[in-house]
Amino acid sequence: MLKKIEDLREEISKINVTSLADVEELRIKYLGKKGIISALFEDFRNVPQQEKKEIGLVLNYLKTEAQEKINDLKSQFEAKTSRSQQIDLTMQGISFSVGSRHPVSIIKNQICEIFSTLGYTLSENREIEDDWHVFSALNFPPEHPARDMQDTFFISKNPDILLRTHTSSVQIRVMESQPPPIRAIFPGRVYRNEAISARAHCIFHQIEGLYIDKNVSFADLKQTLLVFAKEMFGQQTEIRLRPSFFPFTEPSAEMDISCSLCGGKGCAICKQTGWVEILGCGMVDPNVLENCYIDKNIYSGFAFGMGIERIAMLKYRINDIRLLFENDIRFLEQFQSV
Ligand code: PHE
């Protein structure tokens with residue numbers, strides 16, 4: 001019997017197979033209920049008492065070795081199949097989703113592009129500002145309501161540090177830091193303490209424009225804005241200027257464009273007037289020039305400012321400003337930049 005066991009151990013150690021089915025066949029052959037090793041255990045009952053210890057030991061070895069061998073072969077095949085599944089060449093590739101630009105960025109870039117062709121440079125500056133750059137230098141009287149807590153987010157009082165309520169603060173920063181001629185636009189985020197609704201948000205984006213040189217006139221402002229409106233909304237677009245008021249411009253105006261949806265006939269977007277307001281503008285107030293040490297007798301200039309969300313909403317017919325801040329992928333995916 002010892003000889004038989006030793007031969008089997010030898011035989012099993014040399015076994016090689018080519019498929020998972022072969023492994024199962026081997027298991028049945030050696031370890032199955034009616035298998036060779038089970039039969040040996042049957043025979044073991046008849047082994048004389050004095051040989052039991054020695055034969056029992058080898059027989060147990062044989063069984064463990066056979067089990068280990070079969071487990072090894074099995075795991076080899078399993079590993080092979082799962083690895084080959086991983087490199088299934090017929091499988092479809094994983095498609096990467098390509099992000100798209102946010103509509104506010106698309107419109108901002110378009111506006112910057114139009115003004116850069118007109119020779120405007122671009123400047124950005126701080127969002128946390130002091131009272132001087134947001135209000136005082138811009139000719140806001142001390143009791144002006146915009147300085148009120150209701151409109152402005154203050155970070156500290158005395159000295160007043162606040163979140164800028166408009167990008168006009170960058171006008172001042174630029175005029176303080178470089179001599180005329182200045183021809184620049186200033187895009188950026190602004191903050192106002194307003195209730196959030198479909199039409200207003202406490203954070204939004206503006207682009208301000210500033211042109212300071214000798215002999216800059218209101219006619220220059222009007223022509224610049226006409227070119228901008230036609231580039232932005234189409235060549236058929238017309239503009240109209242209505243008198244308005246800003247502390248830092250004199251005279252001041254608000255600009256409307258002919259409604260791009262109904263072409264001026266009257267619709268829900270333009271509230272049946274045929275016109276939609278898109279920006280504020282005016283000739284830079286001489287007091288502002290003086291605050292920035294620019295000689296008001298030599299230089300004059302114009303400034304204008306617009307809300308980027310407003311332009312985006314008009315162009316894309318978005319009826320709720322909150323959509324621009326929620327960042328819902330289903331909304332954002334619809335905008336493709338070129
Ligand atoms: N700063 C103004 C606003 O926030 C817009 C403006 C800019 C008006 C420049 C005139 C000139 O409403």
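On a predicted model such as this, the values are computed, not experimentally measured, just so you know. When a ligand or atom number is given, it counts from 1 through the structure's own listing order.
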Verify, without hydrogens or angle tests, whether Ser169 (side chain) and His133 (backbone) share a donor-acceptor contact under 3.5 angstrom.
no
Contact list for residues 39-50, test side chain to side chain donor-acceptor pair (under 3.5 Å), sequence neighbours left out:
none
In Å, rounded to the nearest 0.5 Å, how long is the span from CD1 of Ile196 to CZ of Arg199?
16.0 Å
Under 6.0 Å between ring centres: does that hold for Phe115 and Phe304?
yes
If I take atom CG from residue Asn125 and atom OG1 from residue Thr167, how far apart are they, to the nearest 0.5 angstrom?
11.0 Å
Which protein N or O atoms sit under 3.5 Å from any N or O of ligand 1? Give each pair with its distance.
| unit_1 | atom_1 | unit_2 | atom_2 | d |
| --- | --- | --- | --- | --- |
| ligand 1 | 1 (N) | His166 | ND1 | 3.1 |
| ligand 1 | 1 (N) | Ser168 | OG | 2.9 |
| ligand 1 | 4 (O) | Arg192 | NH2 | 2.9 |
| ligand 1 | 4 (O) | Gln206 | NE2 | 3.0 |

Determine whether Glu309 and His201 make a side-chain contact, defined as any pair of heavy atoms from C-beta on separated by less than 4.5 Å.
no
